Amino acid sequence: MHAQGRHSPDRCVLGVRTVWRTVGDGEFFCPGCGGDRNYHRRTGRRRLVVLGVPLLPRGPVGPVVECTACGERYGMDILDHPTTTRFSAMLRDAVHTVALAVLAAGGTEAPTVRRAAVGAVRAAGFADCSEEQLVTLIEALAADTGRLPGRYPAPAAAGRDGFDPCGTALAIELHEALEPLAPHLAPAGRESILLQGARIALADGPYRPAEREVLATVGRALMICPEDTDRLLTAARTPS
């Protein structure tokens with residue numbers, strides 16, 4: 001009888017229990033739910049449990065991210081992934097910045113170019129975008145920097161064609177808009193953004209040197225290798 005009592009699952013429970021404490025909250029993309037959900041950021045302490053009674057401490061656990069909907073727990077790196085809402089905003093801003101950069105490099109004189117840029121920006125989510133808005137933004141950039149990239153003389157150190165993509169505000173904005181987005185895009189998604197810029201540049205004829213420089217910067221920021229960037233820009237020139 002004594003032996004049976006010692007081995008009864010109701011009386012002899014030996015294991016480790018974690019006691020959790022909530023230390024923060026927020027919103028994240030839950031892989032388990034497949035959508036944006038609220039989360040609790042939690043830390044815990046493990047204790048050795050005998051007969052259901054917590055006895056010896058076994059050290060801290062966490063922190064972890066716990067979905068309030070499904071209860072699944074994830075490492076803190078799950079918060080590096082943008083929510084669906086944030087991802088949509090990042091994608092919209094990326095296309096808008098690429099369109100501005102290409103327009104600034106190639107000029108806004110051709111109606112076909114302006115229409116191509118507005119179409120890309122509207123499709124990305126800025127439904128109210130107009131040609132006037134884009135031109136005004138580029139003029140504001142010119143007033144701030146003293147010149148438009150590729151359109152006015154640049155310092156001698158700028159390189160060939162008087163274009164210095166790394167020394168302009170738009171080049172910085174390209175990297176700021178595209179680099180955080182690139183890891184969360186499939187290769188086809190990164191290529192799509194580059195091709196949208198290429199179509200804007202080609203709307204009034206072959207690439208200008210300044211446009212090629214901007215699109216090369218877009219490719220680098222999107223983590224597309226130079227060979228693939230050249231291949232995509234060449235393919236964009238071929239009528240489908």
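Bear in mind that the values here come from a model prediction, so they are computed numbers and not experimental data.
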J.: Between Thr229 and Cys225 (side chain of the first, backbone of the second, donor and acceptor by atom type, cut-off under 3.5 Å), is there such a pair?
T.: yes
J.: In Å, rounded to the nearest 0.5 Å, how long is the span from NE2 of His184 to CE of Met90?
T.: 5.5 Å
J.: Say whether Leu202 and Val218 are linked into one hydrophobic cluster, either directly or through other cluster members, by side-chain heavy-atom distances under 4.5 angstrom.
T.: yes
J.: Within the structure provided, determine whether Val113 and Leu103 are in side-chain contact (heavy-atom separation under 4.5 Å).
T.: yes
J.: Is it the case that the side chain of Tyr207 and the backbone of Leu233 share a donor-acceptor pair, with hydrogens and angles ignored and the cut-off at 3.5 Å?
T.: yes
J.: Enter the distance from Glu72:CD to Glu66:CD here, rounded to the nearest 0.5 Å.
T.: 9.5 Å
J.: Please step through side-chain contact (heavy atoms from CB on, under 4.5 Å) for the pair Tyr39 and Tyr74, ending with a clear verdict.
T.: CA-CA 10 Å; Tyr39 71 83; Tyr74 307 94; over 6 Å; no
J.: Quick one: does Asp36's side chain have a donor or acceptor within less than 3.5 Å of a partner on Phe29's backbone?
T.: no
J.: If I take atom CG from residue Asp228 and atom CD from residue Glu191, how far apart are they, to the nearest 0.5 angstrom?
T.: 6.5 Å
J.: If you take the centroid of each ring, where Trp contributes its six-membered ring, are His96 and Phe126 closer together than 6.0 Å?
T.: yes
J.: I'd like to know whether Arg208 forms a salt bridge (charged side-chain N to carboxylate O under 4.0 Å, His left out) with Glu213, so could you lay out the CA-CA distance, the side-chain angles of the two residues, the decisive distance to 0.1 Å, and finally the verdict.
T.: CA-CA 9 Å; Arg208 300 181 184 186; Glu213 292 286 356; over 6 Å; no
J.: Same cluster or not: are Leu215 and Leu185 linked, directly or through other Ile, Leu, Val, Met, Phe, Trp or Tyr residues, by side-chain heavy atoms under 4.5 angstrom apart?
T.: yes
J.: What's the verdict on side-chain contact (heavy atoms from CB on, under 4.5 Å) for Met76 and Arg41, showing C-alpha distance, side-chain angles and the deciding distance?
T.: CA-CA 8 Å; Met76 293 299 296; Arg41 182 163 59 89; 3.2 Å; yes
J.: Just do the side-chain contact (heavy atoms from CB on, under 4.5 Å) check on Trp20 and Val64 with the steps written out, would you?
T.: CA-CA 10 Å; Trp20 295 99; Val64 299; 3.5 Å; yes
J.: Is it the case that atom CZ in Arg231 sees more than 12 heavy atoms from other parts of the structure closer than 6.0 Å?
T.: yes
J.: Please check this pair: side chain of Thr112 against backbone of Ala203, looking for a donor-acceptor N/O pair closer than 3.5 Å.
T.: yes
J.: Show, in sequence, the C-alpha distance, side-chain angles and deciding distance for Leu134 and Cys129, and conclude whether the side-chain contact (heavy atoms from CB on, under 4.5 Å) test is met.
T.: CA-CA 8 Å; Leu134 293 181; Cys129 177; 3.8 Å; yes
J.: Whether the side chain of Arg37 engages the backbone of Ala69 through a donor-acceptor N/O pair (distance < 3.5 Å, no angle test) should be reported.
T.: no
J.: If hydrophobic clusters are built from ILVMFWY residues whose side chains come within less than 4.5 Å, do Leu195 and Val118 share one?
T.: yes
J.: What distance do Leu222 atom CG and Leu178 atom CG have between them, rounded to the nearest 0.5 Å?
T.: 4.5 Å
J.: Identify the residue among Asp80, Val65, Asn38 that makes a side chain to side chain contact (heavy atoms under 4.5 Å, CB included) with Phe28.
T.: Val65
J.: In the single-linkage hydrophobic clustering (I, L, V, M, F, W, Y; side-chain heavy atoms under 4.5 Å), do Val121 and Val102 co-cluster?
T.: no
J.: Can you see whether Thr217 engages Arg220 through a side-chain donor-acceptor pair at a distance of less than 3.5 angstrom?
T.: yes
J.: Under a 4.5 Å cut-off applied to non-hydrogen side-chain atoms, are Arg86 and Glu27 in contact?
T.: no
J.: With a 3.5 Å distance limit and no angle check, can you tell me whether Thr97 reaches the backbone of Glu173 through a side-chain donor-acceptor pair?
T.: no
J.: Determine, for Arg114 against Asp204, whether the closest basic-nitrogen to carboxylate-oxygen distance falls under 4.0 angstrom.
T.: no
